[in-house]
Each structure stands twice: as C-alpha cells, then as structure tokens.
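Okay, so here's the structure we're looking at.
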Amino acid sequence: MLRQLALALITLAARDHGTDAAVSDWLRRHSPPTDQRTTHTNTIAGAAVLHGPVVQARDVQGGIHFHQPAREDVPRPPVPRQLPPLRRALVDREEDVRALDALRAQRPAQAPQLLVVSGFPGIGKTTLVSRWLHENASSFPDGQLYADLGGHADEGTGGPVPAATVLEGFLYALGAPSVPAETAQRIALWRSLTSGLRLAVLLDNAFTAAQVRPLLLGTPTGLTVVTSRNHLTGLLADGAAIHRLGALTPESAVELLAVGGGGGRVAQDPAAAREVVTLCACLPLAVCLAAAQLVLRPHRSVSALAESLSQDQGPLDALRVDGEAVVRSALDMSYGLLPRESATLYRRMGLLPTERYDLFMLTATGGDEATDGTIRTAGTDAVDMAVGALLEANLLEETSPGVYRFHDLVRPHARRRGDAEESDSQREHVLRRFVDWCLITATRAEEILTPSHRMPTRELPPSPVLPTPLANPAEALAWLDTHRNGLMAAVRHCADAGWHSTCWWLVDAMWPLFLRLRPSEMWVEAHHTGLLAARASGSRDGEGRMLTSGAIGLRNAGRYEEAADWYVQALEHATSDGDLRQQAQAVHGLGHIELLTSRFDEARAHFEQALRLRESIGYRRGAALSRRRLGETASATGDHRTAARHLTRAHAELESQGEAYEAARALALLGHVLDRDGDHEAGTQRLREALEMFRGPDAQSGHWQGRSLEWLGQAAERQGDVAEARRCYEAAQDLFQRLDPAEAQRLDDRLRQL
C-alpha cells in the first residue's frame, strides 16, 4: 500500500512542478541528520537511473542522476485562439484599419510591436481590434491571446485585473506545466516562453500603463495591442504607437442602425434615422443599442424611437441592456476614477452654457469661494493638469491646440453631475464668472475693433476674472467668431437669472461681432433680449442703444417694417432725453430703410438731417458715415459724380480717424461708382484695394470681401472679360455660401446668365 502511494506521488510530481518542489522541500525538512557512524545505509550504484522524485526513509548514497520525463510524454496544448467572437458589424472603419496596418509596418525591425487604441466608451475599440487581428491571424501562427483587464471595473467587482492573474492564464495557455507564485517570476517565465514566438496579445480595457507594462512581450516577433478609454501616454516610453478612435460619420451610423435591425424602417424614414444617430452621437455602442430596440419592437417606427431618445436625459438613460443604462454607467465609472481636481473641473464645465472650452475660460471660471467670501482663483497650470487628466480619460477632446470640446454624450453627463454635486451658490458662482469673462473679453475686443462704440456709462463688473489676451484686430475678431455661441448663451443666461444690466452690457459689447460677421438671427435675438433687460434695469442709455443697434440687425435681416418701428422708438426716446447723437443715429437709420426700399428723396432728406445733427455736435465719424450714405443714395439715382464726391470725402475722413473697416467700405463703394460711371480702370483699382483691406486684419470682413468680388465681377463683365467675371462671381458665391444663402443664390443666378 505504501509503495502504491509513493508511486502515485512520484507520478504527480513528474507532471506538476509545484508538487515536485513541495515534496523536495518536505524531504529536506524531515530527513534525519547524516551520521557517518550509521551502519544502516542504502546504496544506489552509480549506474542506477532514477526517474522523478524518490521517497526514501533513510540515507541515499552513490552517483545519482534524476531525469525528467521526455517532453513528448506531456500533451502539447492547442494553439491559443482567444480573441472575442465577431458579433457587431464593422462599418466605416477602413481608414482606421489602414492606420493600424501603417503603424505596425513602420515599427523598427528589432523593436517589440506595441499599439494602443484609445477612445470613448462604446466607440468600438474592441470590435475594431478583434476584427483586425482575426483578419491577420496567419501572421500569428503561435496564437492570439486575449485578456479583459477590467480597467473601469468598480471595487465591488474587484477592480482592474492584476497583471499576475493575467499572466497565470497566459502561461497555462502556452503550455507551462506550472506557474510560479511570485509575480516577478511569472513575468520572467512569460518573456522566456514567448521569446521568438509569432504571437498576438490583445489587452482589452486597460486602465493605466503600469497595469499593462508587466504583460508586454519582449520579442520583436510578437504584437501587443492595448485598448483603453485612456490615452495611456505612459506607454510611449515603451515604444507604443497610439491610435485614437473617433465616432462614425452620420452616414455610416445610419448604415449601422439599418444593419443592426429594422433596415426597412430605416430606409423608409431616413430623416428620423439621421435624428436617431445624431442623438446617439454616432457612437457605435449607442447606435447598436438603438437598433436592438427596433428589433425588439418590430412595429415601432424610427421616428417614435427618435422621439423616445430625445426625452429627459436622452440616450444616457434610454439605451439599456438588461435594465442597465449602459452609456451612463460607463461614464459614471470613468468619472469615478478621475482625480479630485479633474472631477471638479468636469462637472463645472458641464454647467457652462457653451460647447467650446479653452484654458483662459476654464481658468476664469475655476476657483472656489472661501468662507470669508473671497475667491481663490485656480492657476492656469493647475487647470491645465486637470484638463490633461480629462483628455487622458477620453472624456474631453482637443479640437485644436488649447481648444476642447465634450463628446455629445459626455456633455449632458457632465451637466447632470454638476447639477447633482455642486451647491446652488457654487453653480451661481461658476456661471457668474463665466459671464464676467465673456463681458470683459468682449469689451476688450470691442476696444480693438470699434474703439468709438463703447458707451462711457457702460460699466465692467468688479471681478477677479482676467480676460483672454487679444493682441490685435485679427485675434479680437477670431475670438468673437469662435465664441459667438457661448456669448449668446451667456446673454440668455443673464436674462433667465435676472442679471439685467450685465445682459444688455454684454449685447452692446458684442457689437463688432454683429457688424463684421453679420449673424442675422443672433443679432436680432440678442437685441430683443438686451432691450428687455435694459428696460428692466432702468437704463435709458441702454434702451436707446439696443433700439438703434437692434434696428440695424432687423434691417439686415430684411425686416424693414420692424426696423423702422425700432428707429422711430429710438428717435422718440432720444428726443425726450435731448440726446442729439442718438437722434442723429435714429434719423440716419430711417434714411437707410428708405434707401433700401427705393424712396430716394426721403432717404436723402434723412441723411442730410443726420449729417447736420452730427456736425453740430462735432461727431466727425458719424458725419462721414452720413456722407457715405448720401453717396450711395446719389449712386442709386444715377448721379455718379455726386456719389463719387461724397464717397471720396467720406473715405478720406474715415481713414484719417483710423477707421480702417468703415474706410474700406467707403473705398469699395467708390470703386463701384467709378466703374459704373465708365472709369473702369480707376474703379477696378479701388475695388481691389478695398478687397485686400477686407482680407487683412484691420478691416477683415467676409461679407464685404464677397461684395467687393461681386462688384469686380460686374466690372469685368462690363469690359467683356467673361472668364474673369466668372472667377470673381464664383469666389463671392463661395464666401456667401456660409454667410448668407440668399446672396449665394443670387450669385448663382448671375452665373447662369453669363
């Protein structure tokens, strides 16, 4: 019986290194000390061969050789093919596949291959990489290993998977007879076993570079691909190439919706399908979950699905698996892993009524209110570090250097966190600082672009907020252009919050935006809101300014009757207050309405009245503007000589006052008049000079570039140069396509008539 047990133990130890080591250790600890006087000895001759461990009660002496069983006695495990099965359709990822191929091909010949594919949760990282590795299976005859590293698992489910656990599974899959207990020994055995193997390893859902590093192959014949919601920039030091996966195009997202389910319904209602994928932010996971809802409800229309997704929190709550809102849960987990400063920044960014963020804005809106009421402002370096963590976690995208945006499904999540976790006073504090930053920086842009516009009575808030630095007209106009939606959102918030003075101050400071870029709908909405705010604040100056500036917006939108009514209100208001400057502004505006509606005699009379009022108070700039309108009126009646005289003087006076933009407008009008009067060479020359000014930083204006090009086209057409006319008209049309579709259509008609 004892012999049988000993043989069984020997057989087990031969197969398992751990048992072998345990038996040997037991024998060392329990063998009696050697005594040379002992006469009871067992001797094994030198020619004897022992296979495997031997259990011996007393001493063993002689020349002993231990032989492990031959390798062929142990069955070789099958080549591991552990990649996840391909379940989801791969739509519109050809460019990403080519990028992975290129990254793999360009690695140095003797360097281990390491690729990182990062992206937002649900963007399709695992699907893409799995399919790519499946398609390249012939390149890895020694196997394809897979491990989910659980990078965003919560502590209740054990958290991220330790490298030691992953290594244990990999080593057994490669046929290791036993696995050492220590992590360092496992790493050493892993690199020994994989040396020279043509092996692919997919490490899915990694959390940090440190979690991945022990699992890296040390051989150039293998390939390691890591997917993560984070960028894992720490792996760059290990030679990693990083590919960031983006969302699908709307067209591809609609295709995925159709492939996933309800293809016929998708084809029948393409507009609703487009709305569904837009609500899903073209995120593959969200689109597939929406498609699953169509499959589960075969009689449900795509438009009904779109309506469902647009309710409440939208796809964050509506798209579920087994009752769990998977998109929201994924974001909750990512948010929960952020450092404290980044989590605070994330939820406060969600409170801001804008889709575009930069460091100046985030620094201005950061900081906390101390117990004594003072504000501790966050430094730019601290904000930059917090932003870096959001970028690393793929919760924030950098669209250009220093400019950021949230993914469309992230922003509502950030807003929800801000609403839930920030106090009422903190939310007000963040929004107040955002509005102050908008007002202070817009005022700085106004001082650069239209220095004569700012009202002396308009104040700036007593705030620690610093404006974005603007060094020149080009930077000022670019800032207004890129932040136009955020500025308008700030105006709306001021109106909702009852910050009436700040509301109309901000609208007034945005004047260069309206004048140069001409966003008609925003112009009208802002001044409607500003007018109500000025009246609510009791500011007579503000009410008058909103009426005259708002009337210009109504006029440019073609709403002449409303514009005339606003001018009449402004005139009555200014007359009551004895404000000659505002009276002149209202009269001048009424003249422009009459010019546009071809009432030339009334227009001339109003412009002459405005000119007299402006000259009486020494308002030289205003007088020059009235002369310019008199020139336009004379040109409209065919009196080109009078028009040229007025425009020449207006141009000279505006130029002498440093009014580059207004001077360029007068010059363009003068060139057009001279061309119409038959002096084609002089007219063309002035139009080209004006065009260059409108392209330059001091007088930049897309609208007036288009107008000058159109007039240059007319000049070329008058001289019979059809090719040049077409070139100018097409260039003007390209500009108006994004500025004024009606103008673009008019130019299209002109081109067809050539």
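Here the structure is a predicted model, which means the values were calculated and not measured. Numbers for residues simply follow the sequence, beginning at 1.
Among residues two or more places apart in sequence or in another chain, the side-chain contact (heavy atoms from CB on, under 4.5 Å) test is passed with S576 by R540. Partners of N556 by side chain to side chain donor-acceptor pair (under 3.5 Å), not counting sequence neighbours: none found. For D749, the side chain to side chain donor-acceptor pair (under 3.5 Å) criterion is met by Q745, R752, not counting sequence neighbours. Listed by chain and number, the residues in a ring pair (Phe, Tyr, Trp, His ring centres under 6.0 Å) with H528 are W566 (sequence neighbours excluded). Partners of Q685 by side chain to side chain donor-acceptor pair (under 3.5 Å), not counting sequence neighbours, listed by chain and number: E689. Among residues two or more places apart in sequence or in another chain, the side chain to side chain donor-acceptor pair (under 3.5 Å) test is passed with E422 by R347, R348. The ring pair (Phe, Tyr, Trp, His ring centres under 6.0 Å) search around W499 returns H493, not counting sequence neighbours.
The backbone N or O of Q705 lies less than 3.5 Å from no partner atom in the side chain of S708, so there is not a single donor-acceptor pair. Side chain of E398 to main chain of G402: a donor-acceptor pair is present (N/O by atom type, distance under 3.5 Å, no hydrogens or angles). Listed for the T648 side chain is no donor-acceptor partner under 3.5 Å among the backbone atoms of R645.
Figure legend: R516 and Y661 shown as a cation-pi pair, the cationic atom lying under 6.0 angstrom from the six-membered ring centre and within 45 degrees of its axis. Cation-pi geometry between R581 and Y619 is met: the NZ or CZ atom falls under 6.0 Å from the ring centre, inside 45° of the normal.
A distance of 12.5 Å separates CG in L712 from CD in E717, rounded to the nearest 0.5 Å. Taken from CZ in R727 to CD in E724, the straight-line distance is 4.0 Å, to the nearest 0.5 Å. Distance check, rounded to the nearest 0.5 Å: SG of C438 to CE of M488 gives 11.5 Å. Interatomic distance, H646 NE2 to R628 CZ, rounded to the nearest 0.5 Å: 13.5 Å. Atom-to-atom distance recorded for S626:OG and L613:CG is 9.0 Å, nearest 0.5 angstrom.
Each of F406, F434, Y404 was compared with Y357 under the ring-ring contact (aromatic ring centres under 6.0 Å, His included) criterion, and only F406 meets it. Residue H527 forms a ring-ring contact (aromatic ring centres under 6.0 Å, His included) with just one option from W504, W511, F514, and that option is F514.
At a threshold of 4.0 Å, the pair D740-R518 does not count as salt-bridged, since none of the basic side-chain nitrogens sits closer than that to a carboxylate oxygen. Ion pairing between R620 and E653 fails under the 4.0 Å rule for side-chain N and carboxylate O.
For the 3.5 Å distance criterion, the side chains of S425 and S423 qualify, holding a donor opposite an acceptor.
Within the structure, every pair that satisfies the side chain to side chain donor-acceptor pair (under 3.5 Å) test and touches residues 596-605, not counting sequence neighbours, is listed here: D601-R604. Note on residues 464-476: pairs passing side chain to side chain donor-acceptor pair (under 3.5 Å), not counting sequence neighbours, are W437-T468. A ring pair (Phe, Tyr, Trp, His ring centres under 6.0 Å) check over residues 726-754, counting only residues at least two apart or in different chains, returns the pairs H703-F736. Note on residues 678-699: pairs passing ring pair (Phe, Tyr, Trp, His ring centres under 6.0 Å), not counting sequence neighbours, are F694-W704. Applying the side chain to side chain donor-acceptor pair (under 3.5 Å) test to residues at least two apart or on different chains, the pairs with a partner in residues 631-643 are R629-E632, S635-R676, D639-T642, R641-D677.
In summary, the aromatic rings of F607 and F600 are positioned with their centroids too far apart to meet the 6.0 Å limit.
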Tell me, with the steps shown, if R555 and H592 meet side chain to side chain donor-acceptor pair (under 3.5 Å). CA-CA 9 Å; R555 181 200 71 201; H592 198 185; 2.6 Å; yes
